[in-house]
S.K.: 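Here it is: the structure, laid out below.
Here is how names work: the chains are called A, B, and so on, in the same order as the sequence lines, proteins then strands, and each is numbered from 1.
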There are 2 protein chains.
Amino acid sequence: MTDDRWEPPVVLLTVDLVILTLRESRLHVLLIERGIEPYQGAMALPGGFLQHPEEDLVTAAHRELSEETDLDAETLRLEQLGVYGDPGRDPRGRVVTVAYLAIAPRLPEPAAGTDAADARWQRVDRVLSGDLELAFDHRRIIADAVERARVKLEHSALATAFCGPTFTITELQEVYEAVWGIPLDPRNFYRKVQKTDGFIVPAGPTRKTTAGRPARLFRAGPREVLHPPMARPTESPSVQGAAP
Amino acid sequence: MTDDRWEPPVVLLTVDLVILTLRESRLHVLLIERGIEPYQGAMALPGGFLQHPEEDLVTAAHRELSEETDLDAETLRLEQLGVYGDPGRDPRGRVVTVAYLAIAPRLPEPAAGTDAADARWQRVDRVLSGDLELAFDHRRIIADAVERARVKLEHSALATAFCGPTFTITELQEVYEAVWGIPLDPRNFYRKVQKTDGFIVPAGPTRKTTAGRPARLFRAGPREVLHPPMARPTESPSVQGAAP
DNA sequence: AGAATAGTGTCTATAAGACACTATCCA
DNA sequence: TGGATAGTGTCTTATAGACACTATTCT
């Protein structure tokens, strides 16, 4: 259009992974310490360049997950979060990244994989507050991922992905409380979850906890989308910029 | 890791635009007829390659919109829909596209711009049913865009973007009915919209319609996210793959 | 027994949906 | 006057949230 011999510019493509989990009732994200420049020594999301021109994007994400962490890359379901492609987001040139979101059940501390100097679970609140130095625009990506998880918790059975194969209703409630950051009434939560058809199904008899009556165990049910959704307590019922 | 002299592969990046609007109470999408190979003669979303390596993605989307259509590119708000990067989606090589979604008020037929042989509004139901030959994976992208619009209608004031600067409540209802594809009770809709604080605000007195009592006019209110959301009638209350 | 956690029953405020009814225009 | 569209009132049913109460374990 502009020139007779114009050629489309090329870009480098990376994939980045936001893996969220729950540890001690707090939301954590898996970060690695970068071993190479740029941002050497800073924390970053696991991820990396597309390996060859025919590699699928999700395949690349799974490959990076195996390479950089010891998580079971096969069982984690990855969901596309978005593209982050601001010019200048990477000092090496025009690097556009596709971010993926995954939810992991509570797991032992991950061992470092091959690529990363170190891979660790970090508290999301600390990461977002700016206490940690993060590479590239990864803080922004994590913030978007958390917001996405909050919304998905309302409308899908995502919460069960934070739990092990079986779980108690109280454990499920802790997922909601951690991700939403608010307390919920255990009694109302109990009935709400029970009557949302197909959300959870009974599994095994009971499990002893620290003290008190043992709780029944459940597994994730067949339903993926929740009707009706889990109602997140109504936020500020005021209008942002309204005139009276 | 695989080789001493490994270099990251490069890809070509395009942006594509899904512009939705309402015409004769039906959802339409703006498509152009491709003037060049591949898929010459097929319909496609407006879009194209990044022009230079420093161009911002949203900027590129706005530029393509101006080049290929005569829509007012400045006022349309673009929202990122996702990345589509399957190897093989474009016969020219590894081309990854970033799709954007925009909602336009009812407008006169767009004239063809510079790039496109022709630009026309097409009924979404016809496009998705497969009557039209679409280039690349654009049918899939449009399907995702429509689903996104459906959800956004529930939780945001997006519906007003389909209307002109002022509109009647019945016009707003037609937006919901067209996008959701279901009829709504006008009386209940009327009160629901009215009591959703900050959604719409009165503007001017009334407007004469074809027949019957003139309707009051409204403008979009300050509120972007709706509390409570507009309830889309509950879908099939059955479980997909449940065992009794 | 008492502490602690699991699970049930019940009341109230609110919202959704159905639908009869009134209001104001045009022909 | 009748037809058509705009707007209101009211009833029924379902749900969220509050919270008293019962059940079952451990120490």
S.K.: Restricting to side-chain contact (heavy atoms from CB on, under 4.5 Å), what partner residues turn up for B:Gln80, sequence neighbours left out?
M.R.: A:Val83, B:Val98, B:Tyr100
S.K.: With sequence neighbours left out, write down each residue that passes side-chain hydrogen bond (donor to acceptor under 3.5 Å, both in side chains) with A:Arg216, or none if nothing qualifies.
M.R.: A:Tyr190
S.K.: Side chain of B:Arg26, backbone of B:Ala178: donor and acceptor closer than 3.5 Å?
M.R.: no
S.K.: Just the rounded figure in Å: distance from C1' of D:dT24 to CD1 of A:Ile169.
M.R.: 16 Å
S.K.: Which pairs pass salt bridge (Lys or Arg N to Asp or Glu O under 4.0 Å) with one or both residues in residues 153-170 of chain B, sequence neighbours excluded?
M.R.: B:Glu154-B:Arg232
S.K.: What is the separation between atom CG on B:Asp197 and atom P on C:dA15, rounded to the nearest whole Å?
M.R.: 12 Å
S.K.: Is any side-chain N or O of B:Lys192 closer than 4.0 Å to OP1 or OP2 of C:dA15?
M.R.: no
S.K.: Produce the list of close N/O pairs, under 3.5 Å, pairing protein atoms with atoms of nucleotides 21-24 of chain C; give distances to one decimal.
M.R.:
unit_1, atom_1, unit_2, atom_2, d
C:dA23, O4', B:Arg213, NH1, 3.4
C:dA23, N3, B:Arg213, NH1, 3.3
C:dT24, O2, B:Arg213, N, 3.4

S.K.: Spell out yes or no: do the side chain of A:Arg191 and the base of C:dG9 have one donor N/O and one acceptor N/O closer than 3.5 Å?
M.R.: yes
S.K.: Can you tell me how far C1' of C:dC25 sits from CZ of B:Arg216, to the nearest Å?
M.R.: 15 Å
S.K.: Tell me: CZ of B:Phe189 to P of C:dA15, nearest whole Å?
M.R.: 17 Å
S.K.: Can you tell me if the side-chain N/O atoms of A:Thr170 get under 4.0 Å from OP1 or OP2 in C:dT5?
M.R.: no
S.K.: Checking contacts here: which listed nucleotide (C:dC19, C:dG7, D:dG17) is nearest the side-chain heavy atoms of B:Asn188?
M.R.: C:dC19
S.K.: Without decimals, in angstroms, what is the distance between A:Tyr190 OH and C:dT5 C1'?
M.R.: 11 Å
S.K.: Looking only at atom types and distance, does a side-chain atom of B:His28 sit under 3.5 Å from a main-chain N or O of B:Gln122, one as donor and one as acceptor?
M.R.: no
S.K.: Between atom CG in A:Leu217 and atom C1' in C:dA6, what is the gap in whole Å?
M.R.: 12 Å
S.K.: Side-chain donor or acceptor of A:Asp185 under 3.5 Å from a matching atom on the base of D:dA16?
M.R.: no
S.K.: In whole angstrom, give the distance that lies between atom CD of A:Glu174 and atom P of C:dT5.
M.R.: 11 Å
S.K.: Sort and list the pairs that fulfil salt bridge (Lys or Arg N to Asp or Glu O under 4.0 Å) and have at least one residue in residues 185-196 of chain A, not counting sequence neighbours.
M.R.: A:Asp185-A:Arg187
S.K.: Between B:Ala231 and A:Pro186, just flag the one whose closest nucleotide in DNA chain C comes earlier from the 5' side.
M.R.: A:Pro186
S.K.: Starting from P on C:dA16, measure out to CD1 on B:Ile182 and report it in whole angstrom.
M.R.: 14 Å
S.K.: With A:Arg77, which residues qualify under side-chain hydrogen bond (donor to acceptor under 3.5 Å, both in side chains), at least two apart?
M.R.: none
